[in-house]
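We count ligands from 1, going down the list as the structure has it; atoms in each ligand are counted the same way. Just so you know, these numbers come straight off a predicted model, no measurement behind them. FYI, side chains are in, hydrogens and waters are out, and symmetry mates aren't considered; it's all heavy atoms of this structure.
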Amino acid sequence: PPGRGKGFGSGDDDDGESNGNVFQSGPGSVVCLSSVFPTLSCCVFSTPEPRVTYVPPPLPEDEDSIFAHYESGINFDKYDDIMVDVSGSNPPQAIMTFEEAALCETLNKNVSKSGYVKPTPVQKHGIPIISAGRDIMACAQTGSGKTAAFLLPILQKLMSDGVAASRFSELQEPEALIVAPTRELINQIYMEARKFSFGTCVRPVVVYGGISTGHQLREVERGCNVLCGTPGRLLDVIGRGKVGLSKLRYFVLDEADRMLDMGFEPDMRRLVGSPGMPSKEERQTLMFSATFPEEIQRLAADFLRTDYLFLAVGVVGGACTDVEQKFVQVSKFSKREQLLDILKTTGTERTMVFVETKRNADFIATFLCQEKVPTTSIHGDREQREREQALGDFRSGKCPVLVATSVAARGLDIPDVQHVINFDLPNNIDEYVHRIGRTGRCGNTGRAVSFYDMEADSQLAPSLVRVLSRAQQEVPSWLEESAFSGGGSAGSNLPRKGFNSTDSRKVTEPDLLGLSRIEP
Ligand SMILES: Nc1ncnc2c1ncn2[C@@H]1O[C@H](COP(=O)(O)OP(=O)(O)OP(=O)(O)O)[C@@H](O)[C@H]1O
């Protein structure tokens with residue numbers, strides 16, 4: 001997709017986002033070249049990207065920083081009321097408490113230091129499935145604890161079986177490989193792995209684009225049991241012969257539907273075809289996401305053993321029910337003023353504003369800064385140092401408004417994000433579900449406001465109506481009319497077949513499934 005593969009050998013990755021001819025002269029100062037030189041867009045040609053030399057600042061080592069967390073919200077206990085469907089043969093019994101997960105003492109301590117008192121549904125069901133050695137395709141709403149659902153059983157198994165002491169060996173052979181679509185997300189997963197493995201002999205390492213490869217290889221060389229990475233950089237370090245895959249036991253795809261869609265599927269096939277990679281029968285493959293369209297589920301089956309278990313917590317592809325979703329009808333030219341009006345009322349509450357293009361991200365961020373709203377931005381054309389600075393400023397509250405492209409739509413877990421604003425609606429419903437899931441996490445409540453342009457967004461109306469009604473949200477009558485009147489192109493664009501699917505095998509191979517269990 002656009003935004004990826006920006007320079008030969010850069011080992012870069014990123015989620016799909018639209019381009020814009022934008023020049024940045026440093027954090028916070030953004031100039032759109034095509035506005036200065038209107039003819040420039042026709043003379044943009046690709047030059048090899050300069051060698052990346054950026055080395056991020058060292059991570060804090062003190063326990064308080066490692067275990068810093070935000071509190072679960074008032075709706076955390078309501079997770080227990082969500083319907084759970086496990087399909088596939090002989091699923092193991094769910095656990096009800098972390099004690100039942102039989103984690104070793106250090107892991108248990110780390111779980112409680114993280115503020116976890118009881119497991120979420122995806123953890124209750126996912127942990128025993130993974131501990132039983134089964135492959136899994138798991139779908140649970142945004143912010144409901146999928147990361148710990150795969151990290152804890154993997155770490156427990158590595159701890160109980162013992163990991164090879166591989167410190168300072170030139171070739172590192174990790175036991176687990178975790179992939180995710182964006183740099184910030186894989187870094188967050190790495191931080192979680194670092195937190196849960198604190199005080200153990202398991203060493204997680206992260207590799208992703210935008211950072212000096214030499215630096216990351218030195219980190220790998222110091223010992224690597226759990227390798228977290230974005231696909232391009234992973235293929236790069238494997239291709240350099242620094243990482244061997246023959247000891248691999250776990251292959252995890254977070255945001256799995258994204259990792260297997262057209263943008264990343266070739267990289268995933270390359271990864272599983274890498275020398276030494278155990279076949280799917282010899283490794284355990286774990287897939288997690290909040291959305292899982294049926295066509296991607298079918299494709300995913302290529303990577304999984306035939307007896308994998310499908311775990312659905314709630315409606316597959318459903319929006320988080322703790323997010324209040326509102327829609328505002330707008331015309332293209334009134335959006336900026338409306339955005340400003342909203343931000344003036346939300347004050348210093350943390351707000352993510354999603355736009356479709358990198359160029360628009362810069363325009364809107366610059367506009368808001370001019371209007372004295374402390375704003376920063378994140379998108380794929382910003383240097384890694386700037387992206388990290390932007391997230392840091394947003395997290396700390398120095399810039400309570402973050403303008404972002406789809407690069408920040410999935411997975412990011414930032415405390416106290418109260419609002420998500422879709423300045424531009426995405427063109428696909430799953431992206432909408434992930435974006436609004438940046439708020440309302442872990443039982444906390446959140447609000448999402450989306451600008452709806454009758455001309456541009458009507459193709460999304462039918463899917464929006466479904467998402468809203470399944471999340472027990474009020475559906476504006478004008479949106480319903482737009483969805484069902486067939487006005488514009490809406491009528492011909494019915495919701496994608498895969499939405500609200502459960503296990504795709506229920507349609508095509510019911511015999512394979514054997515036992516199926518529905519709870520609570
Ligand atoms: N059992 C638990 N108790 C308390 N907090 C938890 C528990 N499980 C997870 N959390 C916290 O909830 C937040 C959301 O978890 P996580 O990021 O894993 O969600 P997710 O399901 O992967 O979301 P997304 O679909 O957006 O990627 C994190 O801050 C995590 O530490």
Participant: Look at atom 25 (O) of ligand 1 and say which protein heavy atom is nearest, naming residue and atom and giving the distance to 0.1 Å.
Facilitator: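 It is K146 NZ, 2.7 Å.
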Participant: Heavy-atom contacts with T147 under 4.0 Å: which atoms of ligand 1 show up? List them by number with element.
Facilitator: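 Here the atoms of ligand 1 in question are 16 (P), 17 (O), 18 (O), 22 (O).
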Participant: I'd like to check which ligand 1 atoms, numbered from 1 as shown, lie under 4.0 Å from a non-hydrogen atom of Y70.
Facilitator: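 What qualifies from ligand 1 is 13 (C), 29 (O).
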Participant: Among all the protein's non-hydrogen atoms, which is closest to atom 13 (C) of ligand 1, and how far away is it?
Facilitator: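 Ranking protein heavy atoms by distance from atom 13 (C) of ligand 1, first comes D413 OD1, 3.5 Å.
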Participant: Answer with yes or no whether E255 contacts ligand 1, where contact means a heavy atom under 4.0 Å from a ligand atom.
Facilitator: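 The answer is yes, since E255 has a heavy atom less than 4.0 Å from ligand 1.
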Participant: Under the 6.0 Å and 45° cation-pi test, does K335 pair with F423?
Facilitator: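 Flagged: K335 positioned over aromatic ring of F423.
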Participant: Measure the distance from atom 17 (O) of ligand 1 to every protein heavy atom, then report the residue, atom name and distance (to 0.1 Å) of the closest one.
Facilitator: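 Looking at atom 17 (O) of ligand 1, the protein heavy atom closest to it is R441 NH2, 3.0 Å.
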Participant: In the protein, which heavy atom is nearest to atom 5 (N) of ligand 1, and how far is it?
Facilitator: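 The closest heavy atom on the protein side is C442 SG, 3.3 Å.
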Participant: Should S144 be listed as contacting ligand 1, given a heavy-atom distance under 4.0 Å as the test?
Facilitator: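 It does, in that a heavy atom of S144 comes within the 4.0 Å cut-off of ligand 1.
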Participant: Main chain of G437, side chain of R441: is a donor-acceptor contact present, judged purely on distance under 3.5 Å?
Facilitator: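 Answer holds: yes.
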Participant: When you check the gap from the basic side-chain N to the acidic O, do R283 and D135 get nearer than 4.0 Å?
Facilitator: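 D135 and R283: not salt-bridged.
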Participant: Between F76 and ligand 1, which part of the residue brings a heavy atom under 4.0 Å of the ligand: side chain, backbone, both or neither?
Facilitator: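 Side chain only.
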Participant: Could you tell me whether the side chains of Y70 and N444 share a donor-acceptor contact shorter than 3.5 Å?
Facilitator: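 Their side chains do not contain a donor-acceptor pair, so the 3.5 Å distance test is not met.
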Participant: Is any side-chain N of the basic residue among E356 and R435 closer than 4.0 Å to the acidic one's carboxylate O?
Facilitator: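 R435 and E356: salt-bridged.
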Participant: Output the list of atoms in ligand 1 that are nearer than 4.0 Å to some heavy atom of K118, sorted by atom number.
Facilitator: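 What qualifies from ligand 1 is 1 (N), 2 (C), 3 (N).
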Participant: When you measure from atom 24 (P) of ligand 1 to each heavy atom in A290, G145, G143, which option holds the nearest one?
Facilitator: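 The nearest heavy atom belongs to G143.
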Participant: Give me the residue, atom name and distance of the protein heavy atom closest to atom 31 (O) of ligand 1.
Facilitator: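 Going by distance alone, atom 31 (O) of ligand 1 is nearest to Y116 OH, 2.7 Å.
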Participant: Which ligand 1 atoms are under 4.0 Å away from a heavy-atom of R438?
Facilitator: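 Those atoms are 26 (O).
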Participant: Would you confirm whether R134, through its side chain, and N90, through its main-chain N or O, come within 3.5 Å as a donor-acceptor pair?
Facilitator: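 Confirmed, R134 side chain pairs with N90 backbone.
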Participant: Does any non-hydrogen side-chain atom of Y79 lie less than 4.5 Å from one of S144?
Facilitator: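 Heavy-atom side-chain distance check passes, below 4.5 Å.
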Participant: Checking a contact table here: which protein heavy atom is nearest atom 8 (N) of ligand 1, and how many Å away?
Facilitator: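 Atom 8 (N) of ligand 1 sits closest to the protein heavy atom Q123 NE2, 2.8 Å.
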Participant: Quick one: do R410 and E255 make a salt bridge, cutoff under 4.0 Å?
Facilitator: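 A salt bridge is present here (some side-chain N lies under 4.0 Å from a carboxylate O).
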Participant: Does any donor atom in the side chain of Q384 or R183 lie under 3.5 Å from an acceptor atom in the other side chain?
Facilitator: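 Result is yes, a qualifying pair exists.
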